[in-house]
Amino acid sequence: MESESFGQLILTGVPGKELDVKAAKLFRKVQPGGFILFGRNIESATQLRKLIDDLRELSAVEPIITIDQEGGRVSRLRLIGNEPPNAQQLRDKDDVDLIRRHGDITGRLLRVFGFNLDLCPVLDISFDDNADNSLRGRCYGKTVEQVVRNAGAFNDAMRKQGIASCGKHFPGYSAAKSDAHYELPRIDRNREELDRNELAVFRQFAVRGGSPNRPRTPIRLGSIEVNPRYLENVVVDSMMICHGWYPCFEPKRTPASLSYHVVAELLRDEMSFEGLIMTDDLDMGAILNEYGLEETIRLAIAAGNDLAMICHRIPEIEQVHRILGTLPSGQIDRAQESVARFKKKLAPPAEFSEAAFRKIDNEIRDLRVAVLGEERAKQRSPEGAKRSPVEMY
């Protein structure tokens, strides 16, 4: 493989609100496969679109341009507009049409700015809405059935607007007792428990059309009636692997994101997932406290990931590029082919105008009112309380 292709396996953060000479030189040299943007990159609608256009201009291959735009506190674009309702608020409203509306609006919003991938939906089941594990407010259901119906509706509507989706946090992060942004959580779930719950959700989203035995008429999943079209179209374009340790898969302390048993054997082989596979951010404490950079990258690609996500140690991507060049060609070829296959399906950005953004932003406000009511809609997610880093940057 040509050395310039190694960068295609890197999903990198961007340092600021505009490309300075140093960052542009680094990105031109490494040629990352994609860029992930955070609050630190967002100042205004016009500025954001220019930054994204500049990232495209310096990329020899069409780049993945992504962001976390879930709703609620994990909505980077609320810095310049209205805050969409979060998954829990939509779940509690119990109106699947509002969830589809959220997916449709999100897709159009991201296309206007030039994004082509949204790092959602969250496919985790909420076992405890108040758990201190970074998932507060972000889960579409308390049961397999709720998550499949609700996340499926959002996913289908967003993808129809030309934005690729990413299911997370495989193989299911809900039972974590701590936040992987700070440390590696141990998740003591046996395989039978995972199969009945977390993995039952991810299976529905892993294969187009899912099980060949799926019915074609309205059915009930538990107490919830589900239109089968939600099940037909719930496939996600990519999956993000979490940094949780599951002793049932790895007796030795190992995050799922670096586990061959989880990524290659479970997701790719057993579940037959054919989409793009990426790590969660390798700059989280769960990884930084346990591994050096070279070991992290070697283990991530060997496990079966296609993209290594480096959100904050941006200068290190040059070193990551070098490390990738030392890995077995079979691993590199496999990952590069997956990235290239994913990129063939990416939609081009929509035409930008401030007026187009404001129109969609007004729709977000109207959706928020429809879900929360006039008074609650005025209350944005709190900024002052203890926060996971997932809300920051």
Side-chain angles (χ1 to χ4, degrees), residues 1-12 30-36 52 55-56 59-67 107 110-111 114-121 123 155-156 158-171 202-210 232-241 257 260 262-280 282 297 300-310 317 320-321 324-325 327-349:
M1 174 168 293
E2 297 294 327
S3 63
E4 57 265 27
S5 299
F6 297 140
Q8 289 297 298
L9 309 189
I10 301 171
L11 180 63
T12 181
V30 173
Q31 287 295 308
F35 302 94
I36 176 171
I52 290 174
L55 292 170
R56 274 200 167 84
S59 300
V61 178
E62 173 68 7
I64 295 167
I65 310 283
T66 191
I67 195 169
L110 296 183
R111 283 289 297 281
F115 293 99
N116 48 33
L117 169 66
D118 193 0
L119 296 179
C120 65
L123 299 181
N155 180 70
D156 181 49
M158 183 178 71
R159 292 178 76 239
K160 283 180 176 175
Q161 292 301 325
I163 296 295
S165 61
C166 179
K168 60 187 186 184
H169 305 82
F170 188 85
F202 282 99
R203 278 196 189 90
Q204 295 282 0
F205 287 83
V207 181
R208 187 172 300 279
E232 288 300 317
N233 298 307
V234 294
V235 62
V236 289
D237 301 285
S238 61
M239 288 278 194
M240 181 189 295
I241 314 300
S257 53
Y260 183 85
V262 172
V263 182
E265 293 183 348
L266 177 60
L267 180 57
R268 192 66 90 189
D269 295 339
E270 183 179 326
M271 292 192 176
S272 302
F273 182 63
E274 297 179 352
L276 186 73
I277 301 177
M278 69 185 74
T279 69
D280 205 339
L282 296 174
I297 300 304
I301 302 303
N305 291 287
D306 304 314
L307 281 179
M309 188 189 299
I310 305 289
I317 67 170
V320 173
H321 184 277
L324 289 167
L327 300 187
S329 60
Q331 294 178 8
I332 296 296
D333 290 345
R334 181 263 308 155
Q336 174 61 23
E337 288 168 7
S338 182
V339 172
R341 188 165 57 246
F342 176 83
K343 288 189 171 188
K344 286 181 180 178
K345 302 176 183 177
L346 294 179

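Screening R268, K343, R341 for a salt bridge (charged side-chain N to carboxylate O under 4.0 Å, His left out) involving D306 leaves a single residue, R268.
Side-chain contact between F35 and T66 is absent, with no heavy-atom pair separated by less than 4.5 Å. For the pair N305/T279, a side-chain contact is recorded, criterion being any heavy-atom separation below 4.5 Å from C-beta on. You'll find the side chain of Q331 stays beyond 4.5 Å of the side chain of Q336, heavy atoms only.
Considering CD1 of I297 and CG of L327, their distance stands at 8.5 Å, rounded to 0.5 Å. Atom CG in D118 sits 8.5 Å away from atom OG in S165 (nearest 0.5 Å). For the atom pair L11 CG and I310 CD1, the distance stands at 9.5 Å (nearest 0.5 Å). One finds the CZ atom of F205 at 12.5 Å from the SG atom of C166 (value rounded to the nearest 0.5 Å). Going from atom CZ of F115 over to atom CD1 of I36 covers 9.5 Å, rounded to the nearest 0.5 Å. Note that the CG atom of L307 and the CZ atom of F342 stand 8.0 Å from one another [nearest 0.5 Å].
When every heavy atom of P32 is checked against every heavy atom of Q8, the shortest pair comes out as O-NE2, 3.8 Å. The two residues R334 and G304 come nearest to each other via the heavy atoms NH1-O, 3.2 Å. Nearest heavy atoms, M271 versus L267: CB-O, 3.4 Å. Nearest heavy-atom pair, N155 versus P121, reported as atom, atom and distance to 0.1 Å: OD1-CD, 3.8 Å. When all heavy atoms of G7 and H321 are compared, the pair lying nearest together is N-CD2, 3.5 Å.
When atom types are taken as modelled, the side chain of Q31 and the backbone of S5 share no donor-acceptor pair closer than 3.5 angstrom. Although no hydrogens or angles enter the test, the distance criterion places a donor-acceptor pair under 3.5 Å between the side chain of K168 and the main chain of L119.
F202 pairs by the ring-ring contact (aromatic ring centres under 6.0 Å, His included) definition with F170, not counting sequence neighbours. Partners of Q161 under the side chain to side chain contact (heavy atoms under 4.5 Å, CB included) rule, at least two apart in sequence or in another chain, are D104, R108. Among residues two or more places apart in sequence or in another chain, the side chain to side chain contact (heavy atoms under 4.5 Å, CB included) test is passed with R56 by I52, E62, P63, I65, N116, P349.
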**Message:** Run the side chain to side chain contact (heavy atoms under 4.5 Å, CB included) test on L110 and I67 for me, step by step, so that the C-alpha distance in whole Å, both residues' side-chain angles and the decisive distance to 0.1 Å come before the verdict.
**Reply:** CA-CA 9 Å; L110 296 183; I67 195 169; 3.9 Å; yes
- Message: Walk me through whether H169 and M240 qualify under side chain to side chain contact (heavy atoms under 4.5 Å, CB included).
- Response: CA-CA 6 Å; H169 305 82; M240 181 189 295; 4.2 Å; yes
Q: Could you please spell out the steps behind the side chain to side chain contact (heavy atoms under 4.5 Å, CB included) verdict for I163 and L117?
A: CA-CA 5 Å; I163 296 295; L117 169 66; 5.6 Å; no
ask   = Where do D237 and K345 land on the salt bridge (charged side-chain N to carboxylate O under 4.0 Å, His left out) test, with the steps shown first?
value = CA-CA 9 Å; D237 301 285; K345 302 176 183 177; 5.7 Å; no
Step-by-step side chain to side chain contact (heavy atoms under 4.5 Å, CB included) determination, V235 to V207 | CA-CA 6 Å; V235 62; V207 181; over 6 Å; no
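Judged by distance alone, the side chains of D280 and S257 never bring a donor and an acceptor atom under 3.5 Å apart.
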